[in-house]
Amino acid sequence: MQAYQVSAPGTARLVSLPEHAPGPGQIGVRIAACGLNFADLLMIKGTYQDTPPLPFVPGLEVAGWVTSVGANVTELELGMRVAIFGGQGGLAQYGVFDAARAVQLPDAMGFSEAAGFQIAYGTSLLALDHCARLQPGETLLVTGAAGGVGLTAVEIGKKMGARVIAHARGAEKLAVAKAAGADVLVEASDDLRSVVKELGGADVVYETIGGDVWTAAFRATNPGGRLLPIGFAGGDVPHIPANHLLVKNLTVIGLYFGGLLKSHPEVVQNALAKLFGWFADGSIRPHVSHEIPLDQVADALELLRSRKSTGKVVITMAGDAAP
């Protein structure tokens, strides 16, 4: 099989690797699509908090067909269409994953939609509902609002009854955020703090950029507000002044999808069940801006690095007809 393997920090290329049989509690999956995430860039650099030992194949989430099952696997069958958050191994034509991580796909969900669904939507629902307890009528500020997770936060925040302020760069990205339900659009070149303060401030902040954007959003948060540092696409991890937290009674809440899946799997499973239900009734619809074949994965990763994509970038595998 073909796979995109990292052999040293910052060094990755397509290689040919053998396919392995699943062990107990595992399944073999013919991968049809793999959703890219900013974490993949950090993994390749070797700076992600959960980077696997070298060599490894990045790609956190996949969708495909079950082609083999290991011992003690009873709920999954050959040929079943599944999505899996595996944490690694997705940028390949085949993978072996824990069966407990697999979710059967609704008939109406395509593989590209499914491959970009769990992390982006799961992170946003868990952040806004489980962590921040976003309430109807509150103001939600989403930075990087046209990105993979930011766009889902706009969509879910609106569904939860919030007034959504979307912050993004350029008319095209702002239009994508508006189509997802944003009430107010803020151009990235504008003075974010001033604009949000003039709008009455933010009750909940879903922040994906870091650096100066975090600082501006932090300063525009209302007393008693909740801030979610979801990512650092701008490259700078923010420093949080604890004295300001005290003065304004602010709460900063960390969320790592993979970590919560390990510590509280039932919370993640319940959130995903709700999300798949919303998909089935048409309440949410994944936005995939690019579908790119595996042999062009380096170009696809550059789209993320340069922040030129909207929604999700998905890698599709050669030979993705049903096995």
Side-chain angles (χ1 to χ4, degrees), residues 1-18 20 23 26 29 31 33-63 83-98 100-102 115-120 122-124 126-127 144 147-150 207-211 214 228-239 254-265 268 292 294 296-307 309 312-315 317:
M1 69 168 181
Q2 292 294 299
Y4 190 69
Q5 187 181 64
V6 180
S7 57
T11 302
R13 64 186 180 93
L14 277 176
V15 298
S16 180
L17 297 176
H20 296 289
Q26 295 181 321
V29 176
I31 298 172
C34 174
L36 294 185
N37 293 274
F38 191 76
D40 291 310
L41 296 175
L42 300 180
M43 274 192 181
I44 292 168
K45 288 174 61 178
T47 60
Y48 192 56
Q49 64 262 24
D50 200 12
T51 299
L54 294 167
F56 68 92
V57 174
L60 280 71
E61 54 181 339
V62 303
I84 303 168
F85 172 80
Q88 61 172 298
L91 289 175
Q93 293 173 315
Y94 173 86
V96 171
F97 305 97
D98 289 342
R101 296 285 187 94
F117 189 84
Q118 290 191 75
I119 292 178
T123 295
S124 291
L126 289 165
V149 290
E207 213 291 286
T208 70
I209 306 299
W214 165 270
L228 299 147
I230 298 298
F232 322 114
D236 294 326
V237 177
H239 296 279
L255 171 66
Y256 168 42
F257 183 89
L260 193 61
L261 183 60
K262 293 176 183 177
S263 64
H264 294 83
V268 177
I292 297 175
L294 181 61
Q296 297 175 33
V297 65
D299 295 333
L301 289 165
E302 182 57 31
L303 285 173
L304 288 190
R305 187 178 293 108
S306 61
R307 292 157 60 185
S309 59
K312 295 293 291 189
V313 176
V314 172
I315 299 300
M317 310 305 165

Looking at [Y], is its backbone amide N or carbonyl O close enough to the side chain of [X] to form a donor-acceptor pair, meaning the two atoms are under 3.5 Å apart?
{"X": "Ser263", "Y": "Gly259", "value": "yes"}
{"X": "Ser124", "Y": "Val149", "value": "yes"}
{"X": "Glu302", "Y": "Arg305", "value": "no"}
{"X": "Arg101", "Y": "Phe85", "value": "yes"}
{"X": "Tyr94", "Y": "His20", "value": "yes"}

Minimum-distance pair of heavy atoms, taken over all atoms of [X] and [Y]:
{"X": "Ile230", "Y": "Ala127", "value": "CD1-CB, 4.1 Å"}
{"X": "Ala33", "Y": "Val314", "value": "CB-CG1, 3.7 Å"}
{"X": "Gly59", "Y": "Cys34", "value": "CA-SG, 3.7 Å"}
{"X": "Gly210", "Y": "Pro238", "value": "CA-CD, 4.3 Å"}
{"X": "Val313", "Y": "Ala300", "value": "CG1-CB, 3.9 Å"}

Hey, could you give me each pair passing salt bridge (charged side-chain N to carboxylate O under 4.0 Å, His left out) that has a residue in residues 49-62? Not counting sequence neighbours. Asp50-Lys262, Glu61-Lys312
Quick one, Asp98 with Gln26, criterion side-chain contact (heavy atoms from CB on, under 4.5 Å). Give me CA distance, side-chain angles, the key distance, then yes/no. CA-CA 4 Å; Asp98 289 342; Gln26 295 181 321; 3.8 Å; yes
Positive for side-chain contact (heavy atoms from CB on, under 4.5 Å) with Thr47, one of Lys45, Gln49, Met43: Lys45
Got [X] and [Y] here, is their nearest side-chain heavy-atom distance under 4.5 Å?
{"X": "Asp40", "Y": "Leu304", "result": "no"}
{"X": "Pro58", "Y": "Leu36", "result": "no"}
{"X": "Leu17", "Y": "Val57", "result": "yes"}
{"X": "Ile31", "Y": "Leu91", "result": "no"}

Please test Arg307 against Ile209 for side-chain contact (heavy atoms from CB on, under 4.5 Å), starting from the C-alpha separation and ending with a verdict. CA-CA 11 Å; Arg307 292 157 60 185; Ile209 306 299; 3.6 Å; yes
Step-by-step side-chain contact (heavy atoms from CB on, under 4.5 Å) determination, Leu60 to Phe257: CA-CA 11 Å; Leu60 280 71; Phe257 183 89; over 6 Å; no
Check the pair Gln2 / Ser16 against side-chain contact (heavy atoms from CB on, under 4.5 Å), numbers first and verdict last. CA-CA 5 Å; Gln2 292 294 299; Ser16 180; 3.8 Å; yes
